[in-house]
Amino acid sequence: MLKWLHPYAKAEHSYALAGKLMPWFLILTIPSFLVGIVWGLAFAPADYQQGDSFRIIYIHVPAAMMAMAAYSTMAIAAFVGLVWQVRLAEMAVAATAPIGAVYTFIALFTGAAWGKPMWGAWWVWDARLTSELILLFVYMGIIALYNAFSDKVLAGRAASILTLVGVINLPIIHFSVVWWNTLHQGATITKFEQPSIATEMLIPLLMMIFSFATFLGFMILYRFRNELLQREQHRAWVVKLVQAKQRG
Amino acid sequence: MFNVFIQVVRQDLLAAFRHQSAILNPIWFFIIVVTLFPLGLGTDPTLLSRIAPGVIWVAALLAALLSFERLFKDDYIDGSLEQMMLSPYPLAWLVSAKVLAHWLLTSLPILIISPLLAIFLSLQIDAFYALSLTLLIGTPILSLLGAIGVALTVGLRKGGILLSLIMLPLSIPILIFSTMAVEAAASGQDYLGFVLLLAAMLVGAITLAPFAIAAALRVSIS
Amino acid sequence: MFNVFIQVVRQDLLAAFRHQSAILNPIWFFIIVVTLFPLGLGTDPTLLSRIAPGVIWVAALLAALLSFERLFKDDYIDGSLEQMMLSPYPLAWLVSAKVLAHWLLTSLPILIISPLLAIFLSLQIDAFYALSLTLLIGTPILSLLGAIGVALTVGLRKGGILLSLIMLPLSIPILIFSTMAVEAAASGQDYLGFVLLLAAMLVGAITLAPFAIAAALRVSIS
Amino acid sequence: MLECKDLTCVREQRVLFKQLNLIVKPGEILHIEGPNGVGKSSLLALLTGLSSAYSGDVYWQQQKITAQRETYYQDLLYLGHKSGVKAELTALENCQGFQRLYSSQTDVDLYDVLLKVGLVGYEDIPAAQLSAGQQRRIALARMYFTECKLWILDEPFTSLDKEAIKSLETCLIKHAQQGGIVVLTTHQALSIPEANYKKLFLTKATVEEHYV
Amino acid sequence: MLECKDLTCVREQRVLFKQLNLIVKPGEILHIEGPNGVGKSSLLALLTGLSSAYSGDVYWQQQKITAQRETYYQDLLYLGHKSGVKAELTALENCQGFQRLYSSQTDVDLYDVLLKVGLVGYEDIPAAQLSAGQQRRIALARMYFTECKLWILDEPFTSLDKEAIKSLETCLIKHAQQGGIVVLTTHQALSIPEANYKKLFLTKATVEEHYV
Ligand code: HEM
Ligand SMILES: Nc1ncnc2c1ncn2[C@@H]1O[C@H](COP(=O)(O)OP(=O)(O)OP(=O)(O)O)[C@@H](O)[C@H]1O
Ligand SMILES: Nc1ncnc2c1ncn2[C@@H]1O[C@H](COP(=O)(O)OP(=O)(O)OP(=O)(O)O)[C@@H](O)[C@H]1O
Ligand SMILES: [Mg+2]
Ligand SMILES: [Mg+2]
């Protein structure tokens, strides 16, 4: 594990690796997003109950899933960072938090916009909605804590600890629909047996989920590189990089 | 080893008793918040008894929150926290003693006076039992979680409100389970499941939180 | 003279902006407290809209309360309060500047986001106008009264909860008038009377409180 | 001229000193000495009017200070154990704050002042991130542009390095020679020319005197 | 034996010192000197393990301190800018607290210790109501009953009067002569016999060295 990690625990290598991976994520994102969104919004059949308003699903569900996926990523990075003392992993935590917060906000916002036609109210105190709101709070807490430290190494470590403590919220969000009887939809597509959604609706949804996921990856890498540059701005390799940029 | 634990608890209690107001304050705050609600919401007894468990729990949570800042802040300012971190005993162990002392000083009094408030808010007897039970199990979890938050923010100026930002989301699950238990009790249903869930969380918190607190302190103080 | 006023306000805002979290924190706290209630009380929209004004006001009060400690405490600890008392300008004047800065930092943001929370708690539009108006007039009174409390307790360690003890009873009248105004508005009645009453209290507070604060500080710092 | 007559200081029913009389004239540096806990800081707090005496009065230019607070404070610069430096603000911002509060000159070159206290290069760092001595230097910066006549300084040399101590001493002497008054406490020996220098030894009140 | 190898300290991306090597043997008193803000306190914090170095390691009895925290802390007494005295508790109660945490002897006569630091007569007053120097003396009391071998003291002489400084110096010398190690910073001159005394001048990193 450590042997495998080690070369990339070096800042410069990780910077280069992240730079190499980034375009691939973008290449995967753009077509799947375009196809998914056009298919979903224009061509997929309207829901027999919900009419066209169901199309929000193509934003809502991917965003909600990625909100949680981002948190899981952070939790893993935090664990790696704290246990094996990998500073770069802690940086990844800091880099991911704002993206996760934005995804969460999108999920909340689209959910609220969807709730208005469906349930007749922008907001109800449903278990799933509430726990998603809590997730947003947790994200904000992590970001605020990270910003409150002036020494960014310490800030990263503190944010990692808080991330791990906040993990208790993930199962609560996911199982909230099971544990409480709620207004919100139960699992529709993640069920193991036959998904209870029409295939024509499902395929664009899956494409959207895929594109959101790759975009998440892209954004994490992007912010991670920025974080690296900022933290190591006085190191020789960054200086060299900047000089090369200026010359070229 | 055990001696040191006792000594830390003793010193904290002693320092608090020296400032008698430090003991009475959380209770007073709690009472005042609970009485604010009938004032703010009107005095219809059915409405009151309906919102009573929620109000009492929220008040307990806020009282705990307000008193948290004290948990390590004084020790940080006067330097005893540094000293604690340089002691040959495991930091997680010393820190547990401090959390225990804090719980004894802030939550135990609230637990003791809750019957009085139940009367204020026209709570039924079943719901009251459930409320006491959830407070008994839930408040230590709050103290442990809160201590992590405090440990993370103690080195920062203006940590106070950042702390509540960090801590409230973490304590919401406890709030939810507890009020659900009380509601179940009030409507005559079985609430053991919720209580067991809380108990499981307590066990988890007792075993893991001290280490998280210690780690957080090592980050904050450096 | 006016220059100094501006300078004091400026420095306080600057110090707060330096710690960006210091500005956002009261809002976050406020939001979180407001969301706690639906969690603790159940999610019935009619119940919620009924208790909404009370909850928002109590939350604003608590947010103000939590941030009060900051008002003079930092200045006390780092000695700038002593310096302020030894300045040739009238203490009451300097202190007003500090209270203004504090209001700008803590209550104004709350005022600005209250529409969002009104949606959360399914508040009607009439009641919402009344609520905003009472918050606009009421929170400066809170800040001024709170400052007296802070000034009295700043020299004491463990002032935090003692402060809330002193301050909450003082702010109860404001809470009552405000929620009465909002309730009147919600039921379509005229609420101007309450608002005028609050406005009169505000005028009284602005003229008298600075002197009380100055006197209290002279007692605390000696 | 700073004067105190029959000053008695009681803290928690314990007499620290009794009927203290004192005159400090322009051009003098008064060094108050005495063992720990004898009441030096308490005496300084009485002189500034921050706390009020059990009995006796303090006079500035022949008038009681309680009767002329605002004029007195126009002439007074006090530096206590706590330094009055805001931890969130940078050295420069702190100085700007002092300037508004203590000085009517608006065209002081603050960079020049920072140069004098040796903080150039650190002017943009929040005070919280400076070392103990550097924070103390920020507090001392106000002496370089104040027009106050009376300086009351409680252990001003704490955490300063040798060079800073020397330059502060020079500053005090210069102030005295320009007709100012300095009252200070410190446990360190000072090297100040005889002409300006005056010492006051505070000693512990005897047991009989312990209670009023 | 305390040793550090290639210690580099970076604070907010600014190098304070680079590749510092240091050996302190039993019986030695190491006095770290240098101007304000050069990094003395930061160095001491690294030596105690309170903060972790950018690179390099600290060794105690030939082992890394990070690998043997608990044994190291059994041998270490640290006194920082903050004194670790609880303001609500009296001098006596504070000492009892220290005793439990630092000493395995349970029969130390604490009144005797208070006598040594000159706090007799004040043992029942909460520390908050003592003078600056008296509070400092409470913190110093722990040196009179600790069995720790290594003492790390950051400006221990702050706010002490002359007599207290002298007796603290004697105490340090005695500790060294019994085979202990003292590492301290102070801006005051010390009068310590040559045999035990060692000085380290820290100087500011040059501009080229400023960033790692
Ligand atoms: C603010 C309001 C809402 C929030 C915060 C919210 C939150 C979420 C979350 C977190 C998920 C992902 C769950 C998981 O992956 O385990 C999700 C999935 C979903 N949501 Fe919402 N939602 C909201 C409103 C709505 C509305 C109004 C509808 C439609 C009636 C809706 C329909 C769905 C559907 C169909 C899924 C996919 C379920 C699955 O396959 O697991 N949501 N939502
Ligand atoms: N908490 C902190 N965060 C960031 N930087 C700091 C912090 N404390 C100190 N520094 C920086 O580290 C440098 C050294 O500080 P340190 O406290 O070690 O100095 P010192 O040698 O002890 O000085 P003094 O004699 O004034 O006590 C200072 O220049 C300061 O800018
Ligand atoms: N806040 C207080 N409340 C009550 N008594 C106090 C307080 N501060 C100081 N004292 C008492 O007054 C006496 C004198 O204190 P003071 O601070 O004036 O001493 P000092 O001469 O400045 O000593 P040092 O050299 O240690 O600074 C002390 O013995 C102390 O017990
Ligand atoms: Mg003193
Ligand atoms: Mg230092």
Side-chain angles (χ1 to χ4, degrees), chain A residues 71 78-79 81-83 85 87 90 93-94 97 101 104 125-176 179-182, chain B residues 51 54 65 92 141-142 144-177 179-181 183-184 193-194 197-198 200-205 208-222:
Chain A
Y71 199 90
F79 187 80
L82 288 177
V83 173
Q85 317 244 318
R87 269 196 312 143
E90 282 160 4
V93 173
T104 312
W125 288 99
D126 166 278
R128 155 97 17 122
L129 276 60
T130 307
S131 48
E132 188 78 0
L133 188 64
I134 296 173
L135 183 64
L136 182 65
F137 287 163
V138 173
Y139 273 126
M140 296 317 270
I142 293 169
I143 296 169
L145 185 67
Y146 184 76
N147 288 331
F149 279 85
S150 57
D151 185 329
K152 290 306 167 200
V153 175
L154 297 180
R157 214 171 299 161
S160 300
I161 293 175
L162 186 57
T163 306
L164 283 186
V165 176
V167 165
I168 43 169
N169 263 311
L170 279 193
I172 293 181
I173 297 175
H174 189 75
F175 293 114
S176 54
W179 291 345
W180 295 282
N181 43 350
T182 62
Chain B
I51 63 171
L65 201 73
I141 313 181
L142 279 188
L144 285 162
L145 283 181
I148 301 178
V150 183
L152 283 171
T153 54
V154 69
L156 310 170
R157 306 200 113 226
K158 313 288 166 75
I161 298 190
L162 181 60
L163 170 64
S164 51
L165 186 64
I166 291 176
M167 219 209 103
L168 277 173
L170 295 180
S171 44
I172 286 176
I174 302 162
L175 179 73
I176 294 180
F177 290 132
T179 49
M180 281 170 84
E183 263 163 35
F194 295 113
L197 203 66
L198 280 176
M201 288 169 84
L202 178 59
V203 173
L208 296 178
F211 298 98
I213 300 169
L217 281 179
R218 293 225 185 270
V219 172
S220 285
I221 316 292
S222 70

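Lettering of chains follows the sequences in order, A, B, ..., and the numbering in each one begins at 1.
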*Closest non-hydrogen atom pair between M140(A) and L165(B), with its separation*: O-CD2, 4.3 Å
*Pairwise distance CD1(I134(A)) to CG(L168(B)) - rounded to 0.5 angstrom*: 10.0 Å
*asked:* Measuring only between side-chain heavy atoms, which start at C-beta, is L145(A) closer than 4.5 Å to L156(B)?
replied: yes
*Value rounded to 0.5 Å, distance of CZ in F137(A) from CG in L170(B)*: 12.5 Å
*In terms of heavy-atom pairs under 4.5 Å, which option from S160(A), A155(A), A158(A), A159(A) contacts chain B the most?*
A158(A)
*Check whether L152(B) gets within reach of chain A through its side chain, its backbone, both or neither, counting any heavy atom under 4.5 Å.*
both
_From CD1 (I176(B)) to OG (S131(A)), nearest 0.5 Å_ = 7.5 Å
*Which atom names give the shortest non-hydrogen contact between G141(A) and I166(B), and what distance separates them?*
O-CG1, 4.4 Å
*How far does CD1 of I172(B) sit from CG of N169(A), to the nearest 0.5 angstrom?*
8.0 Å
_Euclidean distance, L162(B) CG relative to N147(A) CG, rounded to 0.5 Å_ = 10.0 Å
*Measure the spacing between OG of S220(B) and CD1 of I161(A) and express it to the nearest 0.5 Å.*
8.0 Å
